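The analysis underlying the following values was restricted to heavy atoms, covering all of them including side chains, and did not include hydrogens, waters or symmetry mates. If you're wondering where the values come from, they're calculated on a predicted model, not measured in any experiment.
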2 protein chains.
Amino acid sequence: MLRLSKRVEYGLMALQYLAKSGNVATAREISDAGHIPYELLAKVMQSLKHEGIIDSYQGVRGGYAMLVAPAQINLARVMKALDEDATVTECISPGSVHEQCTLYANCTIKEPMQKLQTRMEESFGKMTIAELL
Amino acid sequence: MLRLSKRVEYGLMALQYLAKSGNVATAREISDAGHIPYELLAKVMQSLKHEGIIDSYQGVRGGYAMLVAPAQINLARVMKALDEDATVTECISPGSVHEQCTLYANCTIKEPMQKLQTRMEESFGKMTIAELL
DNA sequence: CAAAGTAGGACTGATTTGATCGTATTTTAT
DNA sequence: ATAAAATACGATCAAATCAGTCCTACTTTG
């Protein structure tokens, strides 16, 4: 299917929102503005925080804010934070136990797939949050 | 998840096989050589035929053969044949009824996603079956 | 006319994803 | 102090997707 997950979509919308507003915004505020399910967005924000893209403030008057300049955050990093696995084939997957792919020993397309992976990462590496503004 | 489907993987392996052999091969032969589930491969071959990438011959001594030069077949075309939908977001999907995406009216990332789609299609458009040989 | 193929519909099980719920923790304001 | 507003996060449920399999038909060569 090759589709971005909703987590990534929501994450991009949220980052765009934060980048535009320029200061702290709550998950509820972003959820309302973008018609995004609140509970899911909340998790997305936590993941973005763990990746070090945004910062969080707990308690009343809390919320989230950008921690890195929009132009410095590329899509690859957002996807890494939100979409555990962004590899075109199983055998390329980072912590992949090759034996998991039953075809590995007989696979005839490993090298080209690695090349494809590299090209896609370039595509996702080139686009930044700044391009969403 | 952003992973190529097994259908596409199998299709690429099969096309590579056909391109290398240079003549007619049966689905069973390709399935055995690549340790690919026969039934699934058979469907993949049918899809590739409908797309006009390969030709089929029924009956005894039948099988499949390349119909287009390997260098003329890019990954985008193979994916189109095998992976109904290869769009990064729902709203970009070819026959998409925009109303299907509940966010469409409020979506703030439509244009950038379209740009991303174009870039990815370029990636998939550049790689051909000739690169698998 | 039998065997070896392709053609293709229908079904099942597994995996993944989206969404929701419940509860704990932190912090500000009163 | 304490109530309210917010993040933190684990657990669970439902829906969609996909891989794989089964079954039956049709086609062609020998």
With the side chain of [X] defined as its heavy atoms from C-beta on, choose the nearest nucleotide among [options].
{"X": "A:E39", "options": "D:dA8, C:dC21, C:dT6", "result": "C:dC21"}
{"X": "B:L40", "options": "D:dT7, C:dA7, D:dG20", "result": "D:dG20"}
{"X": "B:H50", "options": "C:dT6, D:dG20, C:dG8", "result": "C:dG8"}
{"X": "A:P37", "options": "C:dT20, C:dT27, D:dT29", "result": "C:dT20"}
{"X": "A:V60", "options": "D:dA4, D:dC18, D:dA8", "result": "D:dA4"}
{"X": "A:A27", "options": "D:dT29, C:dG8, D:dT7", "result": "D:dT7"}
{"X": "A:Q58", "options": "C:dT27, D:dT28, D:dA19", "result": "C:dT27"}

Same hydrophobic cluster for A:L18 and A:Y57, using side-chain heavy-atom links shorter than 4.5 Å among ILVMFWY? no
Check: D:dG20 base within 3.5 Å donor-acceptor of B:K43 side chain: no
Sequence neighbours left out, what pairs pass salt bridge (Lys or Arg N to Asp or Glu O under 4.0 Å) with at least one residue falling in residues 49-72 of chain A? A:E51-A:R77, A:E51-A:K80
When the distance from CZ of A:R61 to P of C:dT27 is rounded to whole Å, what number comes out? 16 Å
Taking any heavy-atom pair under 4.0 Å as a contact, classify A:A42: base, sugar-phosphate, or nothing. nothing
Mapping A:T26 and B:R7 to their closest nucleotides on DNA chain D, which lands nearer the 5' end? A:T26
